[in-house]
Amino acid sequence: MASSTALSLSWSSSPCWSHSFNGGTNETLKVSERRFNFEVVSQKKAKKLRKVILKEDVTDLGKQGQLLDVKAGFFRNFLLPTGKAQLMTPLLLKELKMEDERIEAEKQRVKEEAQQLAMVFQTVGAFKVKRKGGKGKLIFGSVTAQDLVDIIKSQLQKDIDKRLVSLPEIRETGEYIAELKLHPDVTARVKINVFAN
């Protein structure tokens with residue numbers, strides 16, 4: 001992982017000094033020839049990362065249950081002492097995979113239930129809503145999502161949240177289509193017949 005490069009430096013020193021003394025005679029002093037060898041080894045600093053799993057949400061890092069690579073010092077000095085992360089082990093990885101499979105199976109089960117409920121709504125046909133009539137096709141008041149939820153509960157014994165119901169504005173008699181968002185991937189269309197009594 002870490003590569004090393006070697007650099008060899010060498011030089012020789014053979015200075016020759018000449019000194020002149022008072023008498024005018026030149027004396028030459030030779031220093032013995034020396035050879036120095038230096039070897040410099042350079043290594044890249046290894047990145048020290050730890051695989052961790054977060055036990056709780058950490059701002060600017062990740063959400064609970066997320067598998068991350070973090071620097072060793074950050075894990076050692078912050079995440080571990082505060083109990084926000086745990087070092088990843090093979091056993092923990094296996095448990096994490098099993099938990100993911102369980103969650104995925106639960107999501108699939110909820111989606112299938114929503115699809116079955118949508119099929120029930122399609123086979124029912126139309127829900128009938130009675131309102132007091134006014135002039136022509138107008139009715140007094142309007143038909144709301146809560147009215148549709150009450151009719152579904154009385155006829156099918158199914159509890160639906162009124163926030164899932166999307167209705168057009170209904171202020172006169174006629175046939176309308178409402179949408180029920182049962183699941184992010186499943187939307188049921190329901191017919192509503194509004195008539196005056």
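Here the structure is a predicted model, which is why all the values come from computation and not from measurement.
Evaluation of the side-chain hydrogen bond (donor to acceptor under 3.5 Å, both in side chains) test over residues 82-102, restricted to residues two or more places apart or in two chains, returns E99-R102. Sequence neighbours left out, the pairs with a member in residues 158-173 that pass salt bridge (charged side-chain N to carboxylate O under 4.0 Å, His left out) are K153-D159, D161-R163, E169-R171.
Closest of all the heavy-atom pairs between L67 and M88 is CD1-CE, 3.1 Å. Closest approach of L54 and G62 over heavy atoms only: CD1-C, 3.6 Å. Scanning all heavy atoms of the two residues, the minimum distance from A118 to V186 falls at CB-CG1, 3.9 Å. Shown here for L180 and I152, the closest heavy-atom pair between the two residues is CD1-CD1, 4.2 Å. Closest heavy-atom contact between A188 and L182: CB-CD1, 3.9 Å. Residues A114 and H183 approach most closely at CB-CB, 3.7 Å, considering heavy atoms.
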Next item on the list: Could you walk me through whether I160 and L117 pass side chain to side chain contact (heavy atoms under 4.5 Å, CB included), step by step?
Entry: CA-CA 10 Å; I160 303 291; L117 191 58; 3.8 Å; yes

Margin query: Before you tell me yes or no, could you show the steps for I151 and I192 under side chain to side chain contact (heavy atoms under 4.5 Å, CB included), namely the whole-Å CA-CA distance, both residues' side-chain angles and the distance that decides it to 0.1 Å?
Written below: CA-CA 10 Å; I151 292 169; I192 303 171; over 6 Å; no

Margin query: For K111 and Q115: C-alpha separation, side-chain torsions, deciding distance, then whether side chain to side chain contact (heavy atoms under 4.5 Å, CB included) applies.
Written below: CA-CA 6 Å; K111 184 177 178 181; Q115 287 173 340; 3.7 Å; yes

Next item on the list: Kindly determine whether F127 and V190 satisfy side chain to side chain contact (heavy atoms under 4.5 Å, CB included), including the steps that lead there.
Entry: CA-CA 8 Å; F127 292 101; V190 177; 3.1 Å; yes

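At most 12 heavy atoms of other shown residues, nucleotides or ligands fall within 6.0 angstrom of atom NZ in K191.
Partners of V143 according to the side-chain contact (heavy atoms from CB on, under 4.5 Å) rule, which considers only residues two or more places apart in sequence or in another chain, are V129, R131, I139, D147, I170, V194.
Looking at R109 and E112, no side-chain N of the basic residue comes within less than 4.0 Å of a carboxylate O on the acidic one, giving no salt bridge.
If you take CG on N197 and NZ on K130, they are separated by 6.5 Å, rounding to the nearest 0.5 Å. Of the inter-residue distances, the one linking F75 atom CZ with D69 atom CG reads 12.5 Å to the nearest 0.5 angstrom. One finds the CD atom of E179 at 12.5 Å from the CG atom of L164 (value rounded to the nearest 0.5 Å). For the atom pair OG of S142 and CG of L167, the computed distance is 9.0 Å after rounding to the nearest 0.5 Å. Considering OG1 of T173 and OH of Y176, their distance stands at 7.0 Å, rounded to 0.5 Å. The structure places CD of Q108 at 14.5 Å from CD1 of I103, a figure rounded to the nearest 0.5 Å.
Counting only heavy atoms from C-beta outward, the side chains of V52 and F74 never approach each other to under 4.5 Å. Taking 4.5 Å as the limit, every side-chain heavy atom of L49 sits out of range of all side-chain heavy atoms of V70.
Counting only distance, with no hydrogens or angles, the side chain of D57 and the backbone of Q64 share a donor-acceptor pair below 3.5 Å.
Residues V124 and V165 fall within the same hydrophobic cluster, defined by Ile, Leu, Val, Met, Phe, Trp and Tyr side chains chained together at heavy-atom separations under 4.5 Å. Note: the hydrophobic cluster containing F121 does not contain I177 (ILVMFWY, side chain heavy atoms under 4.5 Å, direct or indirect links).
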